[in-house]
Amino acid sequence: MSASAPDSAPARPLSLGVIFLTLYIDLIGFSIIFPLVPDILAHYLAVEGHMGLLGWLLHQTAQVAAWFDKDANFAAVLFGGVLSSIYSLLQFVFAPFWGAVSDRRGRRPVLLLSVAGTAVSYLLWALSGSFWLFVAARMLGGLFGGNISVATAAVADVTTREERSRAMGLVGAAFGLGLVTGPVIGALTASIDLTTSFPSLARFGLNPFSTPALIALAMSLINLVWIRAKFRETLDPNHRNEEAAVRLRNPLAAALGLSDSAVRRINLVAFTFALAFCAMEFSLTFLGAERFGYTARQNGMLIGFLGFCSIITQGFIVRRLLKKVAETHVLRLGLISATIGLILVGSAHGPPMLYGGLAVLALGSGLVNPATSGLISLYTSNREQGRALGIFRSLGSLARAITPVLAGILFWFLGGGYVFYAGAGLALVALVFASRLPQPNR
């Protein structure tokens, strides 16, 4: 792999629209659970009390809260952070594995397998009459959560080097649109309890949150049919890596062991920025509730605004900007914008400044994400797109795994503003790392 050695990428018959819809449908199902986690935990606590796996986990987080001399609210936030980390940790481990398999076997069969596994995880969630089954469902979903990195590799397969980074903006737009649509569906269907209308279903494990789970299952099945019918293989047989290692490896060791220094550096930039952005995502609703007294509905509007701005940036602005400006310059501009946005949000004392800061932050992240994924792809040979993008996505999952706990502790000890100031500091560190990136040949 070399930043100075371009690969030719012949055009493929599969359209970017097919990949976009594949990602969009997948992300709707993935994000349906986002607004439900606190109520799901309350449900299992009411059903199981302090017994079994749930009781043990609650006891551990309560002990940590007592050690920090904090109340039960801190324990609840810490517990929610630990639970949300399970999924991300498994994605961290398995995303490079699925990416390497797709480099060897092709994108389409791996997508079909990973989406089918995700569908099974949603079915298990729908039938989770006990907490340990719910945890098992989340773990299974994390294990099969490699479809995003594989679909991103397919984008690299079907685009030329000149189009690569602009096309990655479509991936970001699918992310933004899916992460807006999914939580809305989850919130609207959370009140539909099938066990109230059909009490006999409870013996099969159905619970008050089975309706969102069944909708997520339906989205995965639709995606499975869509991929089977419309997703033609994108990886040219000449670019398949028959020697690709398809065993599980430590993703951190794999990232550090990459032979190209430019790939290692852009991964470091992306991971550092992901720490900042994930800390913001975790803390934003707490900041809204604490500083402005926002209800769940108002916080939902806040998150929806952030997602809408991201869609506009990644779906339209960045695609036009990358026609005229090099990826490395777009990346630096995005990191500067994100730093300013994080400071504005952390300092906001009224809704106009809060929403304005989020708009600037969304602009920054909307520039950073396509630029980093585009640079990863351009620095990497065609034979290793799946593995390289899998490692890249896995580092993002690692950031999502560790920031909920760290951001929660910082929020409770120093206040919400400091989480955003720390995020701004991390974005500046990422900017320093990005200053020495070479511009890849197109």
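Just the heavy atoms: all of them, side chains too, but no hydrogens, waters or symmetry mates, feed the values below.
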* Could you walk me through whether L89 and V93 pass the side-chain contact (heavy atoms from CB on, under 4.5 Å) check? -> CA-CA 6 Å; L89 281 172; V93 173; 5.9 Å; no
* Would you check, one step at a time, whether the test side-chain contact (heavy atoms from CB on, under 4.5 Å) holds for Y294 with L287? => CA-CA 9 Å; Y294 279 1; L287 181 76; over 6 Å; no
* Does S347 reach the main-chain N or O of L344 with its side chain, forming a donor-acceptor pair under 3.5 Å? -> no
* **Donor-acceptor contact below 3.5 Å, side chain S310 vs main chain L306** => yes
* State, with a plain yes or no, whether a side-chain heavy atom of I185 is found less than 4.5 Å away from one of M219. => no
* What distance do M168 atom CE and S373 atom OG have between them, rounded to the nearest 0.5 Å? -> 5.0 Å
* Asked: Are any side-chain N or O atoms of S31 and backbone N or O atoms of G178, one a donor and one an acceptor, separated by less than 3.5 Å?
  -> yes
* Side chain proximity check, N223 to T118, heavy atoms < 4.5 angstrom -> no
* Kindly determine whether W98 and L113 satisfy side-chain contact (heavy atoms from CB on, under 4.5 Å), including the steps that lead there. => CA-CA 10 Å; W98 292 120; L113 178 61; 3.6 Å; yes
* To do: Over all heavy atoms of both residues, which pair between F292 and G350 is shortest? Give the atoms and the distance, please.
  => CE2-N, 3.4 Å
* Asked: Does any N or O in the side chain of R240 come within less than 3.5 Å of the main-chain N or O of R105, such that one atom is a donor and the other an acceptor?
  -> yes
* Asked: Counting N and O atoms only, with roles assigned by atom type, does the side chain of S337 sit under 3.5 Å from a partner on the main chain of G334, one being a donor and the other an acceptor?
  -> no
* Backbone N or O of L111 within a donor-acceptor pair of the N147 side chain at under 3.5 Å? -> no
* Find out whether V269 and L335 are in side-chain contact, i.e. whether some heavy atom of one side chain is under 4.5 Å from a heavy atom of the other. => yes
* Asked: Minimum heavy-atom separation for L221 to A119, with atom names?
  -> CD2-CB, 4.3 Å
* For atom CZ of F305, decide whether the heavy atoms of other residues, nucleotides or ligands shown that lie under 6.0 angstrom number more than 12. => yes
* To do: Say whether, by atom type as modelled, one donor and one acceptor occur between the side chain of D103 and the main chain of G386 under 3.5 angstrom.
  => yes
* Asked: What pair of heavy atoms forms the shortest contact from L342 to F420, and how long is it?
  -> O-CB, 3.4 Å
* Side-chain heavy atoms of W125 within contact of I40, under 4.5 Å -> yes
* Show your reasoning for whether side-chain contact (heavy atoms from CB on, under 4.5 Å) applies to L431 and F273. => CA-CA 9 Å; L431 181 62; F273 180 72; over 6 Å; no
* Asked: Can any side-chain N or O of Q385 pair as donor or acceptor with the backbone N or O of S377 at less than 3.5 Å?
  -> yes
* Asked: Is the backbone of V263 close enough, under 3.5 Å, to the side chain of N267 for a donor and an acceptor to pair up by distance?
  -> yes
* Write down the atom of G416, the atom of E290, and the distance for their closest heavy-atom approach. => N-OE1, 4.0 Å
* Asked: Between F97 and F94, what is the ring plane arrangement, given parallel below 30°, perpendicular above 60°, and tilted in between?
  -> perpendicular
* Hey, is CZ on F308 packed in by over 12 heavy atoms from elsewhere, all under 6.0 Å? -> no
* Looking at side-chain heavy atoms only, is the closest gap between C309 and L358 below 4.5 Å? -> no
* To do: Would you check if E281 and R400 make a side-chain contact, meaning some heavy-atom pair closer than 4.5 Å?
  => yes
* Check whether any side-chain heavy atom of I148 sits under 4.5 Å from a side-chain heavy atom of F175, and report yes or no. => yes
* Find the distance between CD1 (I28) and OG1 (T181) and round it off to the nearest 0.5 Å. => 5.0 Å
* Structure fact -> The reported gap from CZ in R319 to CD in E163 (rounded to nearest 0.5 angstrom) is 9.0 Å
* Structure fact -> In V150, D157, V155, the residue satisfying side-chain contact (heavy atoms from CB on, under 4.5 Å) with T234 is D157
* **Check: E327 side chain, L375 main-chain N or O, donor-acceptor pair, under 3.5 Å** => no
* Give, for atom OH of Y122 and atom CG of L140, the distance between the pair rounded to the nearest 0.5 Å. => 10.5 Å
* Asked: Would you say F277 and V368 make side-chain contact, with heavy atoms under 4.5 Å?
  -> no
* For the atom pair CZ (R138) and CG (L124), what is the distance rounded to the nearest 0.5 Å? -> 11.5 Å
* To do: State, to 0.1 Å, how close L389 and I376 come at their nearest heavy-atom pair, and which atoms those are.
  => CD2-CG2, 3.7 Å
* Structure fact -> In this structure, OG1 of T339 is separated from CG of L361 (nearest 0.5 Å) by 9.5 Å
* Asked: What's the shortest heavy-atom distance between A407 and S283, and which atoms?
  -> CB-OG, 3.8 Å
* Please check if the distance between the ring centroids of Y87 and F30 is under 6.0 Å. => yes
